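What follows is one structure encoded as structure tokens, with my remarks underneath.
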Amino acid sequence: MRFLDEFINYVHQLSGEKLLRVFWYFFIFEFLLHFVFDLVIIILWEIAQRIRKRKIAEARERLMNSRPLVSFIVPGKNEGKHIYQLVNTLREQTYTNYELIVIDDGSDDDTPMICSSLQKCGYINLFLRNDVRGGKASAANLGLRYSRGEYVIHLDADCSYDRDAIENILVPFF
């Protein structure tokens with residue numbers, strides 16, 4: 001603590017010229033390194049952010065102009081309780097040109113009844129059922145055979161998505 005007090009007293013006694021002579025290295029190199037360099041990095045980052053935002057806006061516009069069909073494949077077993085929430089989050093999407101294919105992989109709950117009902121209401125485009133469980137990959141491959149979309153997105157039945165999730169998934173492709 002005594003050293004710190006002595007240092008502070010020493011700095012207070014220095015004139016501006018002597019302070020510059022003692023700490024010239026700091027003012028020339030450290031200041032440039034820590035202040036100017038950081039300032040340049042911040043400016044470059046801001047420029048990159050603006051370019052990135054402009055590119056994303058252009059890609060979003062190209063996506064909305066071309067409006068490709070997107071196929072959602074939803075394989076699952078015993079997911080009946082989650083399907084309705086998934087369908088609702090997909091119906092709230094800002095991108096609407098999609099088809100929803102749900103594949104039941106040998107469920108022993110009410111999934112077939114729930115999905116058939118949602119298909120009759122027009123909320124699910126295609127409902128497929130495997131009577132014998134083949135696994136998630138097998139169910140996804142079955143859905144892929146029936147998909148017509150230019151882009152195929154594999155979803156889990158127990159998820160919900162933000163309103164612009166489809167756009168955010170597709171924008172990098174444009």
Side-chain angles (χ1 to χ4, degrees), residues 34-35 37-174:
H34 293 290
F35 180 74
F37 183 72
D38 289 350
L39 186 63
V40 168
I41 294 299
I42 289 170
I43 291 170
L44 291 175
W45 185 82
E46 274 296 320
I47 291 169
Q49 280 293 98
R50 289 181 185 184
I51 291 170
R52 199 172 302 120
K53 284 181 183 178
R54 184 175 39 91
K55 284 183 177 181
I56 288 172
E58 290 170 359
R60 192 175 302 275
E61 186 176 333
R62 284 194 303 274
L63 168 67
M64 290 306 185
N65 287 338
S66 66
R67 300 201 35 86
L69 179 65
V70 177
S71 296
F72 288 112
I73 297 176
V74 184
K77 178 180 180 189
N78 295 334
E79 297 287 354
K81 60 184 176 259
H82 302 293
I83 293 290
Y84 185 74
Q85 180 183 2
L86 173 68
V87 167
N88 278 338
T89 61
L90 292 177
R91 290 183 65 216
E92 294 172 352
Q93 292 294 311
T94 55
Y95 189 85
T96 56
N97 191 24
Y98 66 87
E99 67 176 350
L100 178 58
I101 302 171
V102 178
I103 305 95
D104 176 22
D105 192 30
S107 294
D108 52 13
D109 66 351
D110 292 335
T111 300
M113 183 181 67
I114 293 168
C115 290
S116 295
S117 173
L118 289 171
Q119 184 178 13
K120 286 178 189 172
C121 294
Y123 299 145
I124 294 176
N125 296 86
L126 181 61
F127 172 65
L128 303 169
R129 176 165 165 75
N130 287 335
D131 290 326
V132 178
R133 179 159 168 73
K136 191 170 191 172
S138 173
N141 287 331
L142 176 64
L144 185 62
R145 277 189 230 124
Y146 287 93
S147 66
R148 299 173 302 145
E150 188 175 337
Y151 296 94
V152 177
I153 299 174
H154 185 148
L155 300 177
D156 286 335
D158 58 351
C159 294
S160 62
Y161 299 93
D162 291 337
R163 297 189 79 237
D164 60 349
I166 297 174
E167 287 181 40
N168 291 336
I169 291 170
L170 294 176
V171 162
F173 293 102
F174 287 86

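Since the model is a prediction, treat every value here as computed from it, not as a measurement.
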Worked check of side-chain contact (heavy atoms from CB on, under 4.5 Å) between Lys136 and His154: CA-CA 11 Å; Lys136 191 170 191 172; His154 185 148; 3.7 Å; yes
Val102 and Leu128: CA distance, side-chain angles, deciding distance, side-chain contact (heavy atoms from CB on, under 4.5 Å) verdict: CA-CA 6 Å; Val102 178; Leu128 303 169; over 6 Å; no
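For the residue pair Ile73 and Pro75, the shortest heavy atom distance occurs at O-CD, 3.5 Å. Between Glu150 and Pro68, the closest heavy-atom pair is OE1-CB, 3.3 Å. For the residue pair Tyr95 and Arg67, the shortest heavy atom distance occurs at OH-C, 3.0 Å.
Proximity of Val74 to Leu86: side-chain heavy atoms (C-beta onward) are separated by under 4.5 Å at one or more points. Between Asn130 and Asp104 there is no side-chain heavy-atom pair separated by less than 4.5 Å. Side-chain contact between Ser117 and Tyr123: absent, with no pair of heavy atoms (C-beta onward) separated by less than 4.5 Å. Within the 4.5 Å cutoff, the side chain of Gln49 has no heavy atoms near those of the Arg54 side chain. Using a 4.5 Å heavy-atom cutoff, the side chains of Tyr161 and Glu92 are not in contact.
Atoms CD1 and CG, on Ile56 and Asn168 in that order, are 8.5 Å from each other to the nearest 0.5 Å. Rounded to the nearest 0.5 Å, atoms CG (Leu90) and CD (Gln85) are 10.5 Å apart. Considering CD1 of Ile169 and CG of Leu63, their distance stands at 11.5 Å, rounded to 0.5 Å. The CG atom of Asn88 lies 11.5 Å from the CD1 atom of Ile83; values are rounded to the nearest 0.5 Å. Between the CD atom in Glu79 and the CG atom in Asp156 there is a gap of 7.5 Å [rounded to 0.5 Å]. Taken to the nearest 0.5 Å, the CG atom of Asp110 stands 10.5 Å off from the SG atom of Cys115.
Arg60 and Asp164 are not joined by a salt bridge, as no carboxylate oxygen comes within less than 4.0 angstrom of a charged side-chain nitrogen. Under 4.0 Å is where a charged nitrogen must lie from a carboxylate oxygen, and between Lys77 and Asp105 no such pair does.
Not a single donor-acceptor pair under 3.5 Å links the side chain of Ser71 to the backbone N or O of Ser147. Under the 3.5 Å distance criterion, the side-chain polar atoms of Asn78 are matched with a main-chain donor or acceptor of Asp108. Of the possible donor and acceptor atoms, one in the side chain of Asn125 sits under 3.5 Å from a partner among the backbone N and O of Leu100.
Using modelled atom types and a 3.5 Å distance limit, the side chains of Arg163 and Thr89 yield no donor-acceptor pair. Checked by atom type, the side-chain pair Ser138/Asn141 shows no donor-acceptor distance below 3.5 Å.
Counting non-hydrogen atoms of other residues, nucleotides and ligands closer than 6.0 Å to OH of Tyr84 gives a total of 12 or fewer. Around CZ of Arg148, the count of heavy atoms belonging to other residues, nucleotides or ligands within 6.0 Å does not exceed 12. Dense packing is recorded around CD of Glu58, with more than 12 heavy atoms of other residues, nucleotides or ligands lying under 6.0 Å away.
Below 30°, between 30° and 60°, or above 60°: for Tyr98 and Phe72 the angle between ring planes is above 60°, a perpendicular geometry.
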